[in-house]
Amino acid sequence: MTLKHFTQNSDLKIVLATLNAEGAVIIDNLTSPENMDQIATELHPWLGKSVEQSPMKNDKFRGFQTLRTSGLIGKSKACGKLALDPTVAKLMDGILGPQCADYQLSWTQAIKIGPGEVAQLPHRDTYMYPFKRPGPECFVNTIWAQSDFTKENGATRIYLGSHLWPDNRTPTESDVYAYAEMTKGSVIVFMGSAYHGGGANQTDDAYRIGVGLAYTLGWLRQEENQYLAVPLEKAKTLSPELQRLIGYRVHDRYIGWFEGMDEELFRVVTRKKYQTGLQGNASEGREAYK
Ligand SMILES: O=C(O)CCC(=O)C(=O)O
Ligand SMILES: [Fe+2]
């Protein structure tokens with residue numbers, strides 16, 4: 001099984017249909033190598049450290065030969081640009097849009113897998129949410145290649161179709177996974193319910209660097225606390241689009257307001273009609289107030 005590759009000019013309907021059917025797609029060269037170089041420069045203070053000084057505490061899941069840093073929107077302008085990528089936005093609208101008025105950024109992390117790293121435990125990024133699987137997707141991840149991704153240097157491994165597996169099925173030895181082999185500036189987009197993990201780095205001296213930006217439904221708690229990761233003073237310096245994306249906004253009138261709301265920073269995002277196929281139906285309840 002191999003991942004299907006598309007480009008910025010591919011028919012969006014086909015990309016979305018593939019993502020829905022297989023749980024993952026690659027969009028080749030969606031941003032320039034120069035933009036990825038800018039990210040490397042901006043994140044150097046964190047990713048330039050030795051693995052022992054990793055900004056995030058290492059453990060079995062995060063890997064002991066891997067450096068990670070989060071809070072990317074406050075650390076790198078170029079990451080903000082990636083987060084707002086228009087092609088990714090269309091995919092998020094297609095997958096998350098039907099279940100919310102507005103999707104939002106949930107998790108940001110640059111992941112530098114070093115030589116000798118073992119493969120990460122296959123997992124679903126949606127473990128943290130108690131929704132029954134399979135079901136409407138509540139979390140979609142993107143990992144951008146800051147370096148080329150190869151089988152040897154730790155390209156993400158993904159079990160195609162596994163977003164449709166029931167809760168009681170987990171990957172076994174006989175399940176086949178695909179490698180997200182891609183060039184610098186390309187991105188893998190995958191359903192949070194698809195089993196995946198970072199690959200083993202079998203090289204002697206090459207690092208695999210990925211920039212992870214995940215999105216979730218606008219009414220769900222974000223995985224990474226964006227308000228602490230990007231404090232108010234920093235958030236005020238971002239574009240309105242980026243402020244909205246990281247959660248400085250009110251979702252559909254009711255989620256995220258506070259007394260004394262700063263109208264300039266907070267805007268109310270509503271969409272006339274959306275369907276929640278998830279358990280509980282907030283929109284029905286809301287109808288009663290109209
Ligand atoms: O680094 C990768 O390729 C995947 C990382 C990942 O899935 C995670 O940390 O949740
Ligand atoms: Fe993951």
Side-chain angles (χ1 to χ4, degrees), residues 12-13 15-21 23-25 72-73 80 82-109 124-143 163-164 187 189-194 212-227 229-230 235 238-258 261 263 265-290:
L12 194 74
K13 276 205 204 93
V15 183
L16 271 172
T18 310
L19 185 52
N20 271 314
V25 293
L72 302 187
I73 301 303
L82 286 193
L84 288 168
D85 180 88
T87 301
V88 169
K90 284 183 202 139
L91 295 177
M92 296 308 143
D93 263 333
I95 305 291
L96 301 173
Q99 274 101 239
C100 58
D102 189 26
Y103 61 84
Q104 61 186 337
L105 198 65
S106 178
W107 171 87
T108 69
Q109 195 162 101
R124 283 177 155 165
D125 286 338
T126 52
Y127 275 156
M128 60 199 162
Y129 297 121
F131 296 123
K132 201 165 152 41
R133 300 285 98 196
E137 195 50 78
C138 61
F139 187 96
V140 181
N141 211 336
T142 66
I143 298 183
H163 62 305
L164 302 174
V187 61
V189 182
F190 61 97
M191 302 291 209
S193 306
L213 300 168
Y215 304 78
T216 192
L217 304 176
W219 46 264
L220 212 51
R221 178 101 199 250
Q222 289 146 300
E223 175 172 358
E224 180 184 12
N225 191 322
Q226 298 297 331
Y227 313 100
V230 189
L238 304 175
S239 68
E241 292 74 28
L242 206 47
Q243 291 168 352
R244 175 193 64 76
L245 187 70
I246 67 173
Y248 284 91
R249 57 100 178 88
V250 179
H251 181 275
D252 214 1
R253 285 178 290 153
Y254 296 113
I255 297 180
W257 60 269
F258 76 104
M261 241 163 63
E263 291 294 332
L265 190 59
F266 273 78
R267 43 201 71 72
V268 180
V269 181
T270 53
R271 181 175 292 185
K272 230 171 149 187
K273 198 175 162 77
Y274 63 93
Q275 297 136 4
T276 156
L278 300 170
Q279 285 141 10
N281 192 334
S283 53
E284 268 176 24
R286 241 189 343 262
E287 289 303 317
Y289 288 92
K290 283 185 186 157

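None of these values were measured; they are calculated from a predicted model.
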For the atom pair [atom1] ([X]) and [atom2] ([Y]), what is the distance rounded to the nearest 0.5 Å?
| X | Y | atom1 | atom2 | result |
| --- | --- | --- | --- | --- |
| Ser106 | Tyr129 | OG | OH | 4.5 Å |
| Asp85 | Leu213 | CG | CG | 10.0 Å |
| Thr142 | Met92 | OG1 | CE | 6.0 Å |
| Trp219 | Asp102 | CH2 | CG | 13.5 Å |
| Leu72 | Leu82 | CG | CG | 9.5 Å |
| Ile255 | Arg249 | CD1 | CZ | 8.5 Å |

Closest non-hydrogen atom pair, [X] against [Y]:
| X | Y | answer |
| --- | --- | --- |
| Ala24 | Phe190 | CB-CB, 3.7 Å |
| His163 | Asn20 | NE2-O, 2.7 Å |
| Ile73 | Gly80 | CD1-CA, 3.9 Å |
| Ala194 | Gly23 | CB-O, 4.1 Å |

Mind checking side chain to side chain donor-acceptor pair (under 3.5 Å) for [X] and listing every partner two or more places apart, or none if nothing turns up?
| X | answer |
| --- | --- |
| Thr216 | none |
| Gln226 | Glu224 |
| Asn141 | Asp125 |

Does [X] use its side chain to pair, donor to acceptor, with the backbone of [Y] at less than 3.5 Å?
| X | Y | value |
| --- | --- | --- |
| Gln243 | Ala235 | yes |
| Gln104 | Leu217 | yes |
| His251 | Gly256 | no |
| Tyr227 | Gly247 | yes |

### Query
Do the side chains of Val189 and Val15 get nearer than 4.5 Å, heavy atoms only?
no
### Task
For the residue pair Leu242 and Tyr248, establish whether any side-chain heavy-atom pair is separated by less than 4.5 Å.
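Side-chain contact under 4.5 Å: no.
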### Message
Which residues pass the side-chain contact (heavy atoms from CB on, under 4.5 Å) test with Thr126, not counting sequence neighbours?
### Response
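Testing Thr126 for side-chain contact (heavy atoms from CB on, under 4.5 Å), a comparison that skips the adjacent residues, returns Arg124, Arg133, Glu137, Cys138, Phe139, Ser193.
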### Query
Considering residues at least two apart in sequence or located in another chain, which fulfil the side-chain contact (heavy atoms from CB on, under 4.5 Å) criterion with Leu12?
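Checked Leu12 against side-chain contact (heavy atoms from CB on, under 4.5 Å); matches are Leu16, Lys90, Leu91.
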### Step-by-step side chain to side chain contact (heavy atoms under 4.5 Å, CB included) determination, Val88 to Tyr215
CA-CA 10 Å; Val88 169; Tyr215 304 78; 3.7 Å; yes
